[in-house]
Structures are given as C-alpha cells and as structure tokens.
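Heads up, the thing below is written out as structure tokens.
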Amino acid sequence: MLVHIIADYGFGDLAFAEVVQRIKLHLPDAEPILTPVPAFATLAASFCIAQLGLNQAPAGTIIYHNIAPREDDEQARPGNAGERLAFARLLTGVRIIGVNAGYTFSFVRDLAVELRWAAVAAEGSQFRSRDLFPEAAGAIALGLPDALDEEIPRSEIPDVPPNCIAYIDGYGNLKTTIKYEESKTHQSDTVLVQIGENQHKAIKSDGSFAVKTGQLAFAPGSSGWMNSQGEHTCWMEVFLRGGNAWESFNRPAIGTQINVS
C-alpha cells in the first residue's frame, strides 16, 4: 500500500521517522514516501495532495498529511487541541487522511466524491500525527466500522487563493495558482512578473524550455490533473532556465501574490 506522507516537520526531521514507524504499526503493508513542505504551508500541502491524488496511482494509495498551525482558534488550547482530522476519497480512488487546516483540502474539495470527518479526538497530544492519527488512519484504510464521522460541508473548505505561489520545487521553479489558458498564451510575449517587491521581465510561452539559458519563462509547468468533466487543468509556472527563479525573486514565501502585466 503506497502511503504518501506530506508534512511540515522539516527535511530529515525525526518526526517523519516517528510517524512512519507508527503508521507501519497500524498498516504493516504501508510503503511510505515522504514529502516535506515549509512550516505551516497548507497551500503547498494542498498542491502536493492534488498532484499526487488526482493523477494515476496504484490501487489503494493513501495520502496522509499533517500541517496543523492550530490557527482555527487564537485562544489557549487545552489538551493541545487543534484542527480536526478529515477524510476524502477522490475520483481516482486515492484516499486522503489529514488535518483540515487552512487550504489543505482546497485543491481537491470539488473533485472529492466523499468528504467526511474522521472519528478521532482532535486533542490529547502535542504530536497528534504520531500519537492519535495513525491509528485512525489505519482504521479508515482497513474500512473498519465507525472509523468515519459526519460529512464535511464543502463551504467549510476555502477556495484556492488566486494568483499566488502554491509550491516551490527543488529547482526553484515557482508553481502558481494561475491556470494555463491556451487562448491567452502567445509564443514569445514579454510580460512583467512582480512578486513582492521584486519584478523581472519574462517570456510568456507554451513551454518552460521555450526560452534561452538565463531567460525567465512564465509558462505552463509540469503540474496539473483532470477535473470531473475529463478536462485537464494545468498551472502556470515561473521558471528561470539555467537558474533559480525563487532566488531571483528574493525567496518569496508560499502564498505570496504574483502580478503579471
């Protein structure tokens, strides 16, 4: 059973090892793959969840995520309470089990065929994704009775924020929440891309490598998925050929607004 673990523990952090160990306890056949995202970056996690969950995957694939900034209540949190554990089943059959915090379910909200709360407490440990949630995930994965609670109203999950950075890959490419629209892209158009206080000229094209080395491209990237109507959604990307776009824009954070003119 392929189990993607998406979390903001930090690359190589002990927390990943502890969570894998606990998941294997409850799901001995789990084959874990770790994907770290920046601290509290619920939008980046959501992007990863959609990219992995809405594309072809082995039967039985599970995505287990934990990015829980506990920002749903600014008051003191007795018992280390936080956002609740949720479950979604996608059109592809992939199952998602993770904390419903911020934007974590936003990219898949409208493409989920099932969206419910998990029947597990939201408090009781500072490290809920190790101490509480793996057992609940195991119960859901095995289809045990009473593992799931009531449906989650879709209105409780926020829209994907427009025109911003959704994810930054290892090459420094900036994956955005701007959809690719073929009719609005003309080869070799020059645009001005502003991210925060920094702006650079870019070539707007139909492919990232349609620019020379050292040039910035604003083009459809490698990420995207099918919607319920069988239409492919592709996301625009800021790409510096032979360089690092994230560095060139002074390392903007996930969620930073992008203006293209």
Side-chain angles (χ1 to χ4, degrees), residues 4 6-8 35-55 57 63-69 71-72 83-92 94-117 151-169 173-185 193-196 204 218-239 245-246 249 252-260:
H4 290 286
I6 300 171
D8 59 352
T35 301
V37 296
F40 308 143
T42 62
L43 183 60
S46 185
F47 192 86
C48 294
I49 290 164
Q51 182 64 23
L52 295 168
L54 291 170
N55 284 293
I63 298 174
Y64 178 86
H65 71 265
N66 184 67
I67 297 86
E71 293 178 342
D72 57 326
E83 299 93 340
R84 291 180 67 182
L85 190 71
F87 166 80
R89 187 189 306 275
L90 303 182
L91 294 165
T92 56
V94 173
R95 292 166 292 175
I96 301 168
I97 304 167
V99 175
N100 179 31
Y103 298 109
T104 50
F105 282 87
S106 294
F107 275 106
V108 300
R109 178 192 65 188
D110 298 330
L111 296 175
V113 296
E114 187 177 5
L115 191 59
R116 298 173 66 181
W117 294 114
E151 291 187 5
I152 303 173
R154 312 257 167 165
S155 58
E156 292 189 11
I157 296 174
D159 295 337
V160 172
N163 306 321
C164 67
I165 298 172
Y167 183 77
I168 304 161
D169 70 17
N173 301 324
L174 308 178
K175 298 179 183 290
T176 78
T177 62
I178 303 171
K179 288 184 179 180
Y180 169 56
E181 297 179 71
E182 187 174 1
S183 62
K184 295 184 179 180
T185 300
V193 178
Q194 180 165 351
I195 303 175
K204 186 177 182 182
F218 181 64
S222 60
S223 301
W225 45 82
M226 292 288 186
N227 63 20
S228 55
Q229 287 75 46
E231 301 164 336
H232 189 259
T233 297
C234 186
W235 303 94
M236 298 295 284
E237 191 169 301
V238 181
F239 168 89
W246 181 57
F249 281 95
I254 301 294
T256 302
Q257 285 290 303
I258 299 172
N259 295 309
V260 181

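The structure displayed is predicted, hence computed values, not measured ones. Excluded from the calculations below are hydrogen atoms, water molecules and symmetry mates; all remaining heavy atoms, backbone and side chain alike, are included.
Atom CG of residue Leu54 and atom CD1 of residue Ile96 lie 7.0 Å apart, to the nearest 0.5 angstrom. Atom CD1 in Ile6 sits 7.0 Å away from atom CD1 in Ile67 (nearest 0.5 Å). The line from CG of Leu90 to CG of Leu115 is 9.5 Å long, rounded to the nearest 0.5 Å. Separating the CD1 atom in Ile195 from the CD1 atom in Ile165 is a distance of 4.5 Å, to the nearest 0.5 Å. Distance check: Met226 CE to Glu231 CD gives 9.5 Å after rounding to the nearest 0.5 Å.
Between Leu52 and Val94, the closest side-chain pair of non-hydrogen atoms is not below 4.5 Å. Looking at Pro220 and Glu237, their side chains never come closer than 4.5 Å, going by heavy atoms from C-beta outward. Considering only heavy atoms from C-beta on, Ile258 stays 4.5 Å or farther from Leu174 through its side chain. Residues His65 and Ser46 have side chains not in contact (no heavy-atom distance under 4.5 Å, counting atoms from C-beta outward). Counting heavy atoms from C-beta on, the side chains of Phe105 and Ile152 never come closer than 4.5 Å. Considering only heavy atoms from C-beta on, Thr176 stays 4.5 Å or farther from Asn163 through its side chain.
When the side-chain hydrogen bond (donor to acceptor under 3.5 Å, both in side chains) test is applied to Asn259, no partner is found at least two apart in sequence or on another chain. Under the ring-ring contact (aromatic ring centres under 6.0 Å, His included) criterion, Phe107 pairs with Phe47, Trp225, Trp235, not counting sequence neighbours. In this structure Asp169 satisfies the side-chain hydrogen bond (donor to acceptor under 3.5 Å, both in side chains) test together with Asn173, sequence neighbours excluded. Residues that satisfy the side-chain hydrogen bond (donor to acceptor under 3.5 Å, both in side chains) test with Glu114, not counting sequence neighbours, are Arg89, Arg116. For Phe249, the ring-ring contact (aromatic ring centres under 6.0 Å, His included) partners are His200, not counting sequence neighbours.
Without hydrogens or angle criteria, Glu83 side chain to Leu85 main chain gives no donor-acceptor distance under 3.5 Å. Remark: the backbone N or O of Gly224 is paired with a side-chain donor or acceptor of Gln51 at under 3.5 angstrom. At least one donor-acceptor pair closer than 3.5 Å links the side chain of Thr177 to the backbone N or O of Pro161. For the pair Thr92 (side chain) and Gly53 (backbone), a donor-acceptor distance under 3.5 Å is present.
Checked options Pro162, Cys164, Pro252; the residue passing with Gln257 is Cys164 (criterion: side-chain contact (heavy atoms from CB on, under 4.5 Å)).
Of all the heavy atoms in Thr35 and Cys48, the pair that sits closest is CG2-SG, 4.2 Å.
Residue pairs that meet the side-chain hydrogen bond (donor to acceptor under 3.5 Å, both in side chains) test with at least one member in residues 95-110, sequence neighbours left out, are Arg109-Asp159.
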